Structures are given as C-alpha cells and as structure tokens.
Amino acid sequence: MRSDAELLEGWRGGDKQAGSELFERYFEPVSRFFVNKLSEDPDDLVQETFMACLRGRDRLRDPSRFRSYLFGIACNVLRAHLRRPTDAPLHDDDRCALDLSPGPSTALHAREGERLLLDALRRIPLELQILLELHYWESMTTDEIADALGLPRGTVRGRLQRGRARLMDALEELPMPKALHATLTRELDAWATGLRAVVVHREG
C-alpha cells in the first residue's frame with residue numbers, strides 16, 4: 001500500500017488514480033469527523049473539505065503531513081459552518097455539539113455504553129470533543145493534532161487531559177446503572193477508541 005506522501009506526490013504529478021486513492025482512504029474518517037457534531041447530513045461539508053484539499057494540494061510542503069493537513073481543513077470547514085448562524089468563534093467558549101444540534105447525524109449499531117459515551121462527548125466543549133475524537137478515533141499523535149489545529153504541542157497535551165476529565169464529568173451526569181458507569185470510567189480509553197467502529201455516515 002502506498003503511503004499518503006507517495007499518493008500525494010503522484011497526484012501532484014498528474015496521477016489521477018493516486019488522488020482517487022487518497023480520497024477513498026480518507027472519506028470515512030472525514031465523514032466521521034463531522035457526523036457526531038451536527039444534526040444535518042454532512043455530505044456538503046465533506047465535499048467542501050476535499051475541494052479545499054484539491055485547491056491547496058500543491059501548497060503542502062511536506063507530503064508526509066497530508067493527514068494533519070486534511071483534518072486541519074476539516075476543522076476550518078466546521079468552524080466556518082458554525083459561524084454562519086451565530087458569528088461566534090469555535091474556540092474560547094463552552095459551546096458543545098449538544099447546544100449546536102439536537103442530535104448527531106449518525107447511524108449506530110451500538111451497545112448502551114457506546115451510546116452514552118457518544119452522548120457524553122457531545123456534552124463537552126466542542127474544541128475538546130474535536131481533540132479527543134482525533135486522538136481516539138483517528139489515532140493521531142499529539143504532534144499531528146497540533147499540526148492539524150495550529151496549536152502548540154503543550155496546549156494539545158493539556159487540552160487532551162482536560163477533555164478526558166470533562167468527558168468523565170459528563171458521564172457522571174448521565175443516568176446509567178452503576179456497574180456500567182464503573183466499566184466506562186475504568187476502561188474509558190478502550191471504549192472511546194472503539195466508538196470509531198460504530199459511528200457511521202447515515203445512508204439515505
């Protein structure tokens with residue numbers, strides 16, 4: 001399997017198949033980035049993200065940073081989308097996905113614990129939700145997240161810790177059996193990572 005860097009270099013050189021492979025590789029992750037934050041179908045935002053990637057592909061100096069570059073675009077697309085009705089910035093406030101939309105645009109075949117954890121994610125500040133999902137769902141390193149979001153590495157590390165604490169607090173507020181709460185909090189990292197398999201784009 002060719003690396004992102006190899007595919008990007010081929011795409012830049014006129015290999016359309018390489019470009020198609022990149023888009024196919026990241027269609028699901030980019031869709032997943034949007035679906036747990038919005039109630040509407042994310043197709044337009046996914047398309048907008050890839051169109052911006054197409055326009056800017058030649059500006060990326062280090063092809064090995066393609067994944068960070070793409071998720072940075074997705075985050076900017078989300079920011080622009082959320083500014084449209086309110087003109088409020090995405091950062092420096094406590095807005096969460098639950099405030100922004102009545103329900104996620106997701107189709108789930110999930111256990112109760114997974115549904116509760118998704119609900120808890122939507123109850124924490126959106127900037128922290130984004131960091132946690134990139135960390136857990138896309139297995140992005142601190143450096144990759146910092147690169148994607150234009151943040152210092154230390155800031156990302158601090159926000160990941162704060163996000164995890166806020167997620168634990170949000171779980172405390174949700175009604176659930178004590179045994180399930182104990183399992184979720186004890187095995188939070190494994191449960192959060194496993195959510196990527198149940199968050200899928202709604203069909204139709």
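Just so it is clear, the structure is predicted and the values come from calculations on it, not from any experiment.
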Flag for T141-D143: side-chain donor and acceptor within less than 3.5 Å: no
Ionic contact status for R65 with D147, cut-off 4.0 Å: yes
Shortest non-hydrogen contact from F71 toward E138: CZ-CG, 3.8 Å
Among R32, E114, R115, the one residue meeting side-chain contact (heavy atoms from CB on, under 4.5 Å) with L195: E114
Ionic contact status for R67 with E144, cut-off 4.0 Å: yes
Contact check, side chains of R159 and R166, non-hydrogen atoms, under 4.5 Å: no
Nearest-0.5 Å distance that lies between atom CD in Q161 and atom CG in L128: 12.0 Å
Qualifying ring pair (Phe, Tyr, Trp, His ring centres under 6.0 Å) pairs, either residue in residues 35-65, two or more places apart: F23-F50
R186 atom CZ: more than 12 heavy-atom contacts under 6.0 Å: yes
Sidechain-backbone polar pair: S139 side chain, H135 backbone, donor-acceptor under 3.5 Å: no
Rounded distance (nearest 0.5 Å) linking atom CG of D44 with atom CE of M51: 12.5 Å
Sub-4.5 Å side-chain heavy-atom contact between C75 and I130: yes
CG on L149 to OG on S68, rounded to 0.5 Å: 9.0 Å
Flag side-chain contact, heavy atom, 4.5 Å: L78 against L38: yes
Point-to-point distance, once rounded to the nearest 0.5 Å, from CG of L151 to CD1 of I145: 9.5 Å
Spacing of L8 atom CG and C53 atom SG [to the nearest 0.5 Å]: 7.5 Å
Side chain to side chain, L45 and F33, heavy atoms closer than 4.5 Å: no
Main-chain N/O of L132 paired to R164 side chain as donor or acceptor, under 3.5 Å: no
Polar side-chain atom of Y69 near backbone of G56 as donor-acceptor pair, under 3.5 Å: yes
Donor-acceptor under 3.5 Å (Q129 side chain, N36 main chain): yes
T142 backbone acceptor or donor facing R157 side chain under 3.5 Å: no
Main-chain N/O of S3 paired with E6 side-chain donor or acceptor, under 3.5 Å: yes
Contact summary for L121 and L167, nearest pair of heavy atoms: N-CD1, 3.6 Å
Separation between CD of E24 and CD of Q17, rounded to the nearest 0.5 Å: 7.0 Å
For the student: nearest non-hydrogen atoms of A18 and G10, plus distance: CB-C, 4.1 Å
From L184, L117, L180, residue fulfilling side-chain contact (heavy atoms from CB on, under 4.5 Å) relative to E112: L180
Basic-acidic side-chain contact under 4.0 Å: R123, D169: no
Side chains of F66 and L7 in contact at under 4.5 Å (non-hydrogen atoms): no
Closest approach of L131 to V156 (non-hydrogen atoms, all atoms of both residues): CD2-O, 3.9 Å
Stepwise salt bridge (charged side-chain N to carboxylate O under 4.0 Å, His left out) check, E133 with K37: CA-CA 11 Å; E133 290 180 2; K37 303 173 185 69; 2.5 Å; yes
Taking every non-hydrogen atom, the tightest pair across A120 and L171: CB-CD2, 3.8 Å
Residue pair F27 / T49, side-chain heavy-atom distance below 4.5 Å: no
T185 (side chain) donor-acceptor with H181 (main chain) under 3.5 angstrom: yes
Heavy-atom closest contact (P42 atom, V35 atom, distance): CG-CG1, 3.6 Å
CD (Q47) with more than 12 external heavy atoms under 6.0 Å: no
